[in-house]
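For reference, the structure discussed in these notes is given below.
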There are 2 protein chains.
Amino acid sequence: MKKDSRLSSVLHAILHMAEQDKPMTSDVLAMCMKTNPVVVRRTMGLLRNAGLVTSERGHSGGWRICADLNKVTLYDLHDALGEPSIFAIGNRHERPDCLVEQAVNAALDDAFADAQALLISRFKTVTLAKLADDFAHRHAKYRQQKE
Amino acid sequence: MKKDSRLSSVLHAILHMAEQDKPMTSDVLAMCMKTNPVVVRRTMGLLRNAGLVTSERGHSGGWRICADLNKVTLYDLHDALGEPSIFAIGNRHERPDCLVEQAVNAALDDAFADAQALLISRFKTVTLAKLADDFAHRHAKYRQQKE
DNA sequence: GCGAATCGTAACATTAATAGTTACATGAAA
DNA sequence: TTTCATGTAACTATTAATGTTACGATTCGC
């Protein structure tokens, strides 16, 4: 299956929004992420439900961030997206009758649960402010290189 | 995305094979994992390439395990399957021009790399013998309950 | 009010990845 | 020489993400 790239998408969008005073339209965001405005609305709508952004209709409307960059983490976004399933590998059957398969599932589930816990805890340590900061550094470096 | 369930499948298969003296046919294995014999051949073929099992054609042929249960780990099987990609979540674009997106990708890549490293290291600690043992316990418990 | 800009959303199409199926060739054993 | 088995190519089906089209609902500026 295709990978879910919404987390990466909304991060990209929300950081751009954080650098703007004015709201950004779905069209502009779509251009920026090389996708379609409807996809942007669909995805950003989930962030709105989670109270992370607001949207306004009509002239000079669009999307605006309404969250503290220091408090919102990658996990909050992942959560806002509905905590989509993380792994592309899974068990052949859930709740098998076969005891062998049960033992196999248990071992795999354990390992995946640990990896998931680590990932989630990592997500919780990264704030949007941190990412904005990282971007600023990249930007400074980029400008230096251009000289 | 549909999840890749081959690791779980081959583990199931190989543990059944470990309990048999005779080779098991693709048909029997397919029945056991509720799939198609061709799928079994395709998948087990990868394990054969890795030297974990052998196959024989013709009358009384089939699949046989040829590996030390104490030495083969989940990782070896994952590896034999070609180390399929683990995550169902990924970046919108690889190598984006946008510096914001680069910062986002870097943060996500980092987190995923750590989770992957943990998973792989977990895979390396679980041998087939351990799983067979776990199965034996489940079996004993199951028989107890039936009394 | 009118018209343009903009989001909201349903319905459908496309794409990508896994899994399943059909068909037939090849080889080994009874 | 027939039967049982794997080997493999080619095609189909399934599933989930993503993209597209179409149109309704709001809001702003004139």
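What you are looking at is a predicted structure, and each value in this text was computed from that prediction instead of being measured. All chains are named by letter (A, B, ...) in the order of the sequence lines, taking the proteins before the strands, and each is independently numbered beginning at 1.
Counting non-hydrogen atoms under 4.0 angstrom, B:Gly45 reaches nothing in the nucleic acid.
Within 6.0 Å of atom CG in B:Asp68, more than 12 heavy atoms from other residues, nucleotides or ligands are found, so the atom counts as buried in its surroundings.
Minimum heavy-atom separation, A:Gly61 to A:Thr25: O-CG2, 3.9 Å. Nearest heavy-atom pair across A:Asp76 and A:Lys71 is OD2-O, 3.6 Å. Considering every non-hydrogen atom in both B:Arg6 and B:Leu46, the closest pair reads NH1-CD1, 3.7 Å. Scanning both residues, B:Ala103 and A:Leu131, for their nearest heavy atoms gives O-CD2, 4.0 Å. Closest approach of B:Met33 to B:Ser9, counting heavy atoms only: CE-O, 2.9 Å. Minimum heavy-atom separation, A:Gly51 to A:Cys66: O-SG, 3.5 Å.
In this structure, the CZ atom of B:Arg6 is 7 Å from the P atom of C:dT18, given to the nearest Å. Distance CG (B:Asp4) to P (D:dA16): 15 Å, rounded to an integer number of Å. The separation between B:Arg48 atom CZ and D:dT6 atom C1' is 8 Å, rounded to whole Å. The separation between A:Leu81 atom CG and D:dT18 atom C1' is 14 Å, rounded to whole Å. Remark: C1' of C:dT9 and CE of A:Met44 are 17 Å apart, rounded to the nearest angstrom. Rounded to an integer number of Å, the gap from CH2 of B:Trp63 to C1' of D:dT6 is 7 Å. Protein atom CG of B:Leu46 is 11 Å distant from nucleotide atom P of D:dT8, rounded to whole Å. When rounded to the nearest whole Å, the span between CZ of A:Phe87 and C1' of D:dA16 equals 18 Å.
Within residues 24-38 of chain A, the residues approaching DNA chain D are A:Thr35, A:Asn36, A:Val38, by heavy-atom distance under 4.0 Å.
One N or O donor and one acceptor, one from the side chain of B:Lys2 and one from the base of C:dT18, sit under 3.5 Å apart.
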Side chain to side chain contact (heavy atoms under 4.5 Å, CB included) evaluation trace for A:Val72 with A:Leu52: CA-CA 8 Å; A:Val72 176; A:Leu52 299 170; 3.9 Å; yes
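Comment: B:Arg138 engages B:Asp134 in a salt bridge, judged by a side-chain N to carboxylate O separation of less than 4.0 angstrom. Contact check on A:Glu101 versus A:Arg92 returns no salt bridge, with no Lys/Arg side-chain nitrogen under 4.0 Å from an Asp/Glu carboxylate oxygen.
Checking the phosphate oxygens (OP1, OP2) of C:dT6, no side-chain nitrogen or oxygen of A:Ser55 falls inside 4.0 Å. Applying the 4.0 Å criterion to OP1 and OP2 of D:dG7, one finds that B:Arg41 has every side-chain N and O outside that range. B:Arg92 has no side-chain polar atom (N or O) that falls below the 4.0 Å cut-off from OP1 or OP2 of D:dA17.
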When you compare the protein's N or O atoms with those of nucleotides 26-30 of chain D, which come within less than 3.5 Å of each other, and at what distance?
unit_1, atom_1, unit_2, atom_2, d
D:dT26, O4', A:Arg57, NE, 3.3
D:dT27, O2, A:His59, N, 3.4

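Note on the helix from C:dG1-D:dC30 to C:dA30-D:dT1: terminal axis deviation equals 10°, with five pairs used at each end and the result rounded to 10°.
Considering only the side chain of A:Arg42, D:dT18 comes nearest among C:dG8, D:dT18, C:dT21.
Between the side chains of B:Ser55 and B:Arg48, at least one donor N or O sits under 3.5 Å from an acceptor N or O. There is a side-chain donor-acceptor pair under 3.5 Å between B:Trp63 and B:Ser26.
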